[in-house]
Amino acid sequence: IKKGGDVYLTQDAELDCSEHFFSAKTRIYGNGKTIKLNNTFHVDLNCEMALYDVTLDLNQYSMVVSGAKTVLTIGKGTTVKNGFANNGGAAIMYVNRKIIMEEGALITDCKAQYGGGGIRTHQGTFEMKGVKITNCTGAGVMADAGSTFIVSGDATITGNVKADGT
């Protein structure tokens, strides 16, 4: 995976994320399978990564996206769930650059102690194209100053609550 390319899952997998993995163009085709994390997942070093038809179980960890030209696409049929951020960040993704969520993607059941239970973007761009962000604590989306948040299609952000539960 470190050198990029296409990955096709034939069974559920656990991912050891103790180091930064992606530094090239990588596409993961899940075929309905699940990837379970055992550490924080870093997508960086100016890469392009796309997830299609896969469940990404963050297993109470988070996903960090950074790098001046980094782009993460959460494609059709992809669910990102069970993320957690201890303090001051998004439970699912702290975004320094660009995330694109395509129609049919879902973020659910995630928690942040402070803002952005689903997505937090910091000086980045988040394009939400007909997707759902639901049942997250710490709010669904948090866009810091200097960020761009673009919503199109039948996108919904529902059933989310602030970190204090209200």
Side-chain angles (χ1 to χ4, degrees), residues 4 6-9 12-13 15 22 25-37 41-44 46-85 89-112 114-163:
D6 293 345
V7 176
Y8 297 88
L9 296 181
D12 292 343
L15 186 59
F22 305 96
K25 187 171 187 174
T26 303
R27 289 181 300 257
I28 297 177
Y29 298 93
N31 299 309
K33 305 298 183 199
T34 297
I35 297 174
K36 186 175 182 177
L37 301 187
F41 186 39
H42 294 269
V43 179
D44 62 5
N46 301 320
C47 75
E48 292 181 35
M49 182 179 178
L51 303 167
Y52 298 100
D53 192 28
V54 64
T55 296
L56 184 58
D57 182 349
L58 295 174
N59 192 27
Q60 301 304 303
Y61 292 101
S62 60
M63 189 175 214
V64 178
V65 180
S66 62
K69 296 181 182 176
T70 300
V71 177
L72 173 65
T73 300
I74 301 172
K76 186 175 183 177
T78 297
T79 297
V80 181
K81 67 179 189 174
N82 297 328
F84 179 79
I92 299 274
M93 295 162 208
Y94 179 85
V95 183
N96 275 344
R97 294 304 168 220
K98 187 172 188 176
I99 283 187
I100 301 168
M101 286 187 70
E102 297 178 344
E103 189 169 342
L106 169 68
I107 292 179
T108 189
D109 299 326
C110 297
K111 182 177 182 179
Y114 170 77
I119 296 277
R120 180 179 182 187
T121 180
H122 177 73
Q123 297 179 347
T125 299
F126 174 40
E127 294 182 28
M128 188 174 162
K129 302 176 180 182
V131 303
K132 293 181 182 179
I133 298 177
T134 185
N135 298 326
C136 294
T137 301
V141 175
M142 180 178 180
D144 292 339
S147 300
T148 303
F149 180 34
I150 302 166
V151 180
S152 64
D154 190 21
T156 58
I157 303 173
T158 60
N160 303 291
V161 296
K162 295 187 300 185

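Values below: every heavy atom of this structure, side chains too, minus hydrogens, waters and symmetry copies. Numbers here are sequence positions counted from 1.
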Problem set entry | CD1 on I119 to CD1 on I99, rounded to 0.5 Å | 4.5 Å

Exercise. For the residue pair K76 and E102, what are the closest heavy atoms and their distance?
Worked result: N-OE1, 3.8 Å

Problem set entry | D53 (side chain) donor-acceptor with G32 (main chain) under 3.5 angstrom | yes

Problem set entry | Value rounded to 0.5 Å, distance of CG in L58 from CG in D109 | 11.0 Å

Exercise. Between the main-chain N or O of C136 and the side-chain N or O of N160, is there a donor-acceptor pair closer than 3.5 Å?
Worked result: yes

Exercise. Which heavy atom of T137 sits nearest a heavy atom of K162, and at what distance?
Worked result: CG2-O, 3.7 Å

Problem set entry | Short side-chain to backbone donor-acceptor contact, N59 and L37, under 3.5 Å | yes

Exercise. So which heavy atom on C110 is nearest to which on N82, and how close?
Worked result: SG-N, 3.6 Å

Problem set entry | Gap between atom CD1 of I107 and atom NZ of K81 - 0.5 Å precision | 13.5 Å

Seminar exercise, completed: Closest heavy-atom pair, A105 versus G75, reported as atoms and distance to 0.1 Å, is CB-O, 3.7 Å

Problem set entry | The single option from M63, M101, E48 passing side-chain contact (heavy atoms from CB on, under 4.5 Å) against L72 | M63

For this session: For the pair S147 (side chain) and Q123 (backbone), establish whether a donor and an acceptor sit closer than 3.5 Å, ignoring hydrogens and angles.
Result: yes

Exercise. Say you draw a straight line from CD1 of I28 to OG1 of T73; how long is it, rounded to the nearest 0.5 Å?
Worked result: 12.0 Å

Exercise. How long is the span from the CD atom in E127 to the OG1 atom in T125, to the nearest 0.5 Å?
Worked result: 7.0 Å

Exercise. In chain order, what residues pass the ring-ring contact (aromatic ring centres under 6.0 Å, His included) check against F149, with sequence neighbours excluded?
Worked result: F126

For this session: Identify the heavy atoms of L9 and G30 that sit nearest to each other, and give their distance.
Result: CB-O, 3.8 Å

Exercise. If you round to the nearest 0.5 Å, how far is NZ of K111 from CG of N135?
Worked result: 13.5 Å

For this session: Give a yes or no on whether the backbone of T158 and the side-chain of T134 come within a donor-acceptor separation of less than 3.5 Å.
Result: yes

Exercise. Got a salt bridge between D12 and K33, using NZ or NE/NH1/NH2 to carboxylate O under 4.0 Å?
Worked result: no

Seminar exercise, completed: side-chain contact (heavy atoms from CB on, under 4.5 Å) with K132: of L106, D154, T108, I157, only one passes, and it is L106

